[in-house]
Amino acid sequence: MPASTVGRKRKNFESERYEQLMQTGISDTQLHAVLNIFEENAPSLRTVQRQVGTLLEHDCAIYVKQELQAIKGKPVELWHANIQRLYSHICATSECWKDLLRTAGSKLSVLLYADEIQAGNILHPLQGKKITFFYCTVKELGPFLVKKPATWFPVAAVVYADVARTLGGTSAIFRALIRDFMAITQPCQIHEDLPLVRLEIAGVVADMDAQRAIFSSKGSAGWKPCLFCSNICKDLEHLDTSIFFTVASDAVSKFQMTSDDDLFEAYDALLNEKSTLSKKDWERRCKVLGLEPSPQTLLGDTLARSVLPPSKALNDFMHVYLNNGIASWEVISLLERLKQRCDVGLDTLQAFAADQDWKTARPGCSAAFRRHLFVEKKFTETFRGPAFELAMLLPLLQFFLETTVSEAMERELHCFRHLVEICRQYHRLLAHDGFPLLPLQRLQEAHQTLTMDLYGPSCAKPKHHHRFHIPLQAEKLFLGILCFQSCVE
């Protein structure tokens with residue numbers, strides 16, 4: 001093929017796509033064939049933009065643009081859905097959704113959800129390609145529908161670079177979302193066939209990292225690692241141990257809840273003291289209180305924080321147990337003991353898993369799937385596989401211990417039984433409202449005691465404490481909470 005022909009073709013092709021093709025090692029002949037596919041009957045860019053604009057005309061009306069203050073340079077543009085317009089659009093395009101919201105009554109309690117999605121290998125994600133997604137649903141749909149991905153609608157998607165450039169980060173973005181929501185001051189008309197409804201924020205579902213970012217908390221980097229408790233401390237040196245506790249404690253009845261007003265008062269005081277204290281003293285105060293105050297954050301806005309206070313932050317089972325959580329760590333500790341005491345390694349467990357005729361309600365959990373459950377690279381300091389894999393692995397590992405090494409691993413197995421039963425009960429909680437929560441909490445307390453006795457208090461992490469708040473939040477919300485992308489049903 002003449003070089004001039006290739007040159008003309010290349011000029012007609014977008015440089016970015018051309019570079020991507022060339023990086024694959026494609027030959028000039030193959031490149032020519034690809035370019036011809038793009039060029040034959042290809043509409044002009046203006047035509048494509050017009051057609052896309054026509055298709056998305058109604059969808060675009062859902063979204064609003066806000067400009068957020070940047071750390072440096074021009075403001076950060078945030079495009080997000082207006083929640084009232086979003087549900088109006090949904091009802092206008094779906095009779096099913098219109099019927100669902102008709103049964104909700106005169107109030108829609110909006111649940112928000114925020115989490116990061118990372119590109120690349122799960123063992124080595126690409127930091128620069130992270131995207132924070134924001135979703136919403138309504139509590140009145142009930143537990144069966146709330147846990148379905150189809151009932152959560154995207155509100156915004158913000159790339160990592162924009163979050164990092166925004167003054168106040170994720171918290172400032174939430175502040176903007178809540179400010180837009182606050183404009184809905186009166187009962188509104190979602191659809192002409194539906195009665196007026198009042199919209200309110202019921203809570204925000206988020207993992208520990210997202211909660212820390214939204215509510216300007218230091219988390220485990222502070223002396224007070226729990227957003228909800230005032231007497232949970234990182235360590236108890238020089239403290240009264242009858243009043244203060246660490247994340248290893250199972251004394252749920254002695255945990256003292258922090259009120260929103262107390263937290264607001266502490267936050268405002270820190271903001272005011274920044275100009276009067278030395279930098280070192282101010283940072284020490286922030287560490288003691290476990291806060292990172294800034295005027296641009298959600299808690300820095302007296303109106304926005306009244307709509308979404310810290311008491312509406314909701315933990316979820318998947319992140320606390322299955323996603324670098326309590327179950328992820330206990331499996332690693334258990335397998336280390338199993339190797340030391342019984343000389344049973346991952347290869348033995350892999351062969352056992354592949355040989356069993358394991359029955360599950362989840363489609364796709366075949367023998368081929370089970371053959372990859374105990375791959376060595378997934379077992380480091382924590383279980384590195386997806387949450388649904390760990391959910392499938394737990395009962396299978398229990399079955400192996402019960403039938404093969406129950407006497408040699410008696411104490412470890414007793415503790416592990418509690419963990420598996422906790423996961424089973426959470427699945428029932430997520431499927432049924434009115435599920436009894438006290439037995440679940442007692443089971444968690446017993447498991448906490450067994451874990452600390454068996455593996456030592458040094459194994460305790462903030463999630464060992466955070467789990468105790470899930471039943472309390474479910475009781476308050478009358479609904480079990482689960483990150484909707486979790487596949488552990």
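Residue numbers count from 1 along this sequence. Values below: every heavy atom of this structure, side chains too, minus hydrogens, waters and symmetry copies.
- Residues Cys415 and Thr451 are in side-chain contact: their nearest non-hydrogen atoms beyond the backbone lie under 4.5 Å apart.
- Judged purely by atom type and a 3.5 angstrom limit, Asn231 uses its side chain to pair as donor or acceptor with the backbone of Ile243.
- The shortest side-chain heavy-atom distance between Met257 and Cys229 falls under the 4.5 Å cut-off.
- For the residue pair Gln441 and Gln444, a side-chain donor N or O sits within less than 3.5 Å of a side-chain acceptor on the partner.
- You'll find the side chain of Thr170 stays beyond 4.5 Å of the side chain of Val158, heavy atoms only.
- Heavy atoms of other residues, nucleotides or ligands lying less than 6.0 angstrom from CD of Glu200 number more than 12.
- Taking 4.5 Å as the limit, some side-chain heavy atom of Tyr135 sits within range of a side-chain heavy atom of Pro154.
- Contact annotation: the side chain of Tyr267 approaches that of Leu271 to within less than 4.5 Å [non-hydrogen atoms, C-beta and beyond].
- A distance of 12.0 Å separates OH of Tyr87 from CG of Asn82, quoted to the nearest 0.5 Å.
- Comment: Glu389 engages Lys378 in a salt bridge, judged by a side-chain N to carboxylate O separation of less than 4.0 angstrom.
- Residues Arg428 and Glu421 are paired through a salt bridge, judged by an N-O separation under 4.0 Å between the basic side chain and the carboxylate.
- With a 4.5 Å cut-off on side-chain heavy atoms, Lys234 and Thr246 do not count as touching.
- The CG atom of Leu86 lies 5.0 Å from the SG atom of Cys136; values are rounded to the nearest 0.5 Å.
- Leu291 places none of its side-chain heavy atoms less than 4.5 Å from the side chain of Ser216.
- Here CD of Glu116 is found 8.5 Å from OH of Tyr160. Values are rounded to the nearest 0.5 Å.
- Aromatic rings of Phe215 and Phe174 (six-membered ring for Trp) have centroids beyond the 6.0 Å cut-off, not under it.
- Proximity of a side-chain donor or acceptor of Ser109 to a complementary backbone N or O of Val138 within less than 3.5 Å is not detected.
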- Message: Evaluate Trp152 against Phe133 for ring pair (Phe, Tyr, Trp, His ring centres under 6.0 Å), listing each step before the verdict.
- Response: CA-CA 11 Å; Trp152 290 81; Phe133 277 86; over 10 Å; no

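- Atom CG of residue Leu419 and atom CG of residue Leu450 lie 11.0 Å apart, to the nearest 0.5 angstrom.
- No donor-acceptor distance shorter than 3.5 angstrom exists from the side chain of Ser94 to the backbone of Ile90, with no hydrogens or angles considered.
- For the pair Ser171 (side chain) and Gly168 (backbone), a donor-acceptor distance under 3.5 Å is absent.
- Rounding to the nearest 0.5 Å places CG of Asp209 at 9.0 Å from CG of Asp115.
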- Check against salt bridge (Lys or Arg N to Asp or Glu O under 4.0 Å), Arg467 and Asp316: CA-CA 8 Å; Arg467 61 165 159 185; Asp316 78 280; over 6 Å; no

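- Checked by atom type, the side-chain pair Gln211/Ser217 shows no donor-acceptor distance below 3.5 Å.
- For Lys98, the NZ atom is densely surrounded, since the number of other residues' heavy atoms within 6.0 Å is greater than 12.
- Between Arg305 and Asp268, at least one side-chain N (NZ, or NE/NH1/NH2) sits under 4.0 Å from a carboxylate O, which counts as a salt bridge.
- Put simply, the side chain of Ile232 reaches to within 4.5 Å of the side chain of Pro225, judged on heavy atoms.
- Judged purely by atom type and a 3.5 angstrom limit, Lys224 uses its side chain to pair as donor or acceptor with the backbone of Cys226.
- A side-chain donor-acceptor contact under 3.5 Å links His80 and Gln66.
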- Message: Please evaluate residues Phe255 and Ser230 with respect to the criterion side-chain contact (heavy atoms from CB on, under 4.5 Å), reporting the C-alpha separation (whole Å), side-chain torsions for both, the decisive distance (0.1 Å), and the verdict.
- Response: CA-CA 8 Å; Phe255 297 162; Ser230 60; over 6 Å; no

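- Note: Leu108 CG to Leu199 CG = 5.5 Å, rounded to the nearest 0.5 Å.
- Below 30°, between 30° and 60°, or above 60°: for Tyr321 and Phe317 the angle between ring planes is between 30° and 60°, a tilted geometry.
- Relative ring orientation between His465 and His469 is described as perpendicular, the plane-to-plane angle rising above 60° on a 0-90° scale split at 30° and 60°.
- Under the 6.0 Å distance and 45° angle rule, Lys274 counts as a cation-pi partner of Trp282.
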